[in-house]
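Report on the structure given below.
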Number of protein chains: 2
Amino acid sequence: MSISEIAKHLNVSKSTVSLVINGKAEKSRISKVLTKRVLDYIEEIGYKPNALAKSLATGKSRTIGLIVENIGDSFFGPIALYIEEYLRKYEYQVLYSSTMGNNKLAAEIIQTMIDKQVDGLILAPTDHIEKEVKRIVDSNTPIVLFDRKILGIDANYVGTNNYEASTTAIQHLLEQGYRNIGMVTINSQQPQMQDRLQAYLTTLDQHSLKPHVCLTSFSEKKEHGWKEIREWLDKNTHLDALYFSTNYLCVMGIKALQNLQNERQLAFITFDDHEIFELVQPPVSCIRQPLEKIAKSIVHMLVTQLTAKEKCIAEDIIPSELQIRKSSL
Amino acid sequence: MSISEIAKHLNVSKSTVSLVINGKAEKSRISKVLTKRVLDYIEEIGYKPNALAKSLATGKSRTIGLIVENIGDSFFGPIALYIEEYLRKYEYQVLYSSTMGNNKLAAEIIQTMIDKQVDGLILAPTDHIEKEVKRIVDSNTPIVLFDRKILGIDANYVGTNNYEASTTAIQHLLEQGYRNIGMVTINSQQPQMQDRLQAYLTTLDQHSLKPHVCLTSFSEKKEHGWKEIREWLDKNTHLDALYFSTNYLCVMGIKALQNLQNERQLAFITFDDHEIFELVQPPVSCIRQPLEKIAKSIVHMLVTQLTAKEKCIAEDIIPSELQIRKSSL
DNA sequence: TTGAAAGCGCTAACAC
DNA sequence: GTGTTAGCGCTTTCAA
């Protein structure tokens, strides 16, 4: 049932019906009685407007594209939930996609979403996605980057204080008396990973300590990544503490630690919390990103763009907090 | 840049351009040379069709609505990822929403998705959503239910063998010699939860054993649900084993077990695996649903509906597997 | 081989 | 106060 059929049935024009439906009856000085007649009929037949047609006419789809690395992941999943909830308050729905770190796929996804006329985009960039992002930014489509910043592109960004938080974590390990601190991270140029690494290197250097870095290859994340870590640990028997640059590496690390040749105990701390970190033995100390705050900031920034006349670029760095549990004591 | 501007620039008609773009040039016997001229120009200006307009004209949006309880959860998150990946193979994108178990919200979400003309719906039903689902089914919009079945509605469904798998799990505990087996579940009428409960009750009855059920209230899931379990455990000191009806209850249960008054050891097993269950001590035995298979089946069923002339209802029960780790030995 | 024209369902400027 | 009309960008039938 469409607006013109309603109009025909009621012997009024399409625009009258449209105005009533959109609550502009008063404003357009349509008589109360006619308004009611329209409303009643709409109610009666359970008319629902076709949002697609509306979007085509208005140029607004009330849909936001959310592109993350992996929606099933313990960082992006929860953040997607919060983003969705906040966006709902502004009556936006979410079209989502996971890139699995594949930048070719990411570019494709971005294009499809643009084709579908999303009103805005929220993106956790993959490596080598600069060109596409630049195009979006230049085309004035509202976009908010999060988790990973893209250097050299002037876009909205929400992230955390990777460097400072990492420094605090390393200092905490030092305060506990550990002196042979190793770091497990992935081989990536992503700025947030570089920040975490630099914080480690710099802090150790300030204490004249020697760094030991295990660079795992991202591709092995799922399968037997933990073996890579175990081998590295077996080669570095003098280490007494570890810093993991992200929670899934820590998850693999825990597995590696449980499978060491000799029963050494190492202290450790990781970036990013995980539902399970308070359940394992020992409970895992971590640097916790405030997911809900991050989501809130992202949505706020996007909605600002969406409603603003002129474009303004913002950056919001939301500090993470050290969550000390037993693994680092 | 739109199709008519291209047509104007090239001095051809809109339809010619449209036909070329959609690869129907041959079929419509448009000359190779004209075809090439159009293609070249499109390439040159980087023309991208407006998917919204296309959808309005064709009645197909190539978008599927996915409605789950919580996208950030360790069951729905990963399954959403698989669903998305399989749907991509058929060139569908996903509009998602989390209901958080709120049926009013769920109804709203369903309506918004329908308004946006999704081609099909994948739904993990909340309680009391029967009416809405019935409406969808009656309206012939392709829909696939999963995880929870709705009794009395003839809709496509993909799930697992809750009853049989649960029985196997309980029998496993019995074989290990446990005789005082309690069950922790949520207070819900959802069929899959009822099946899991019935399997427990029946199996115990067959062995003339007395059941002990801890019915937690779902609303407390997030906060201090584990305290509810601990109190129940403190009151039931004779229990020597536990069966959890779902993984997040088990997560809470682990926390409860770690905080018992006296250091009792209970064996336990749970429905649904979790990334962390092999990392905690003891590693957790579970009934594992084959998530990828489930996702694949859902998508296959949906795509079948989408392309079928006549509608056919299917049901696919994918068996879960017992994954024995140490917690139940 | 190609183009004109109607239509998908809705909005909004403007005329009556 | 209410209706007319011209789009939004694309598809598709039918005529030329």
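In what follows, chains carry the letters A, B, and so on, assigned in the order in which the sequence lines appear, proteins first and then strands, with residues in each chain numbered from 1.
Under 4.0 Å is where a charged nitrogen must lie from a carboxylate oxygen, and between E26(A) and K32(A) at least one such pair does. Salt-bridge check for R88(B) with E84(B): passed, with a basic side-chain N closer than 4.0 Å to an acidic carboxylate O.
Between the CD atom of Q117(B) and the C1' atom of dG9(C) there is a distance of 9 Å, given to the nearest Å. Between the NZ atom of K48(A) and the C1' atom of dC10(C) there is a distance of 16 Å, given to the nearest Å. The CE-P distance, from M1(A) to dG9(C), rounds to 11 Å in whole Å. Note: NZ (K24(A)) to C1' (dT11(C)) measures 8 Å, nearest angstrom. In this structure, CG of L52(A) is placed 15 Å from C1' of dT11(C), rounded to the nearest angstrom. Rounded to a whole Å, the NZ atom of K116(B) is 15 Å from the P atom of dC10(C). Atom pair D115(B):CG and dC10(C):C1' shows a separation of 13 Å (rounding to whole Å applied). Atom pair K8(B):NZ and dT2(C):P shows a separation of 21 Å (rounding to whole Å applied).
The shortest distance between side-chain heavy atoms of F76(A) and D147(A) falls below 4.5 Å. A 4.5 Å side-chain heavy-atom check between V118(B) and I64(B) finds every atom pair outside the cut-off. Looking at heavy atoms from C-beta onward, K311(B) lies in side-chain contact with V137(B) at the 4.5 angstrom threshold. Taking the side chain as every heavy atom from C-beta outward, K116(A) and S61(A) never approach each other to under 4.5 Å.
If S13(B) and T58(B) are placed on DNA chain C by their nearest nucleotide, the residue sitting closer to the 5' end is S13(B).
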Would T16(B) and S13(B) count as a side chain to side chain donor-acceptor pair (under 3.5 Å) if you check the C-alpha gap in whole Å, the side-chain angles of each, and the deciding distance to 0.1 Å?
-> CA-CA 5 Å; T16(B) 306; S13(B) 84; 3.3 Å; yes
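Listed in residue order, the members of residues 14-22 of chain B having a heavy atom less than 4.0 Å from DNA chain D are K14(B), S15(B), S18(B), N22(B).
Y47(A) has a side-chain polar atom (N or O) that falls below the 4.0 Å cut-off from OP1 or OP2 of dC10(C). Between dC8(C) and S2(A), no contact under 4.0 Å exists linking OP1 or OP2 to a side-chain N or O.
Between the side chain of S139(B) and the backbone N or O of I136(B), at least one donor-acceptor pair lies under 3.5 Å.
Think of the region where chain B sits on DNA chain D: with heavy atoms and a 4.0 Å cut, that region ends 5' and 3' at dG9(D) to dT12(D).
Minimum atom distance to the side chain of P49(A) is reached by dC10(C), of the listed dT2(C), dG9(C), dC10(C).
Using a 4.0 Å heavy-atom distance criterion, S28(B) is classed as a base contact.
Ring geometry, H9(B) versus Y41(B): the interplanar angle falls under 30°, so the pair is classed parallel (tilted spans 30 to 60°).
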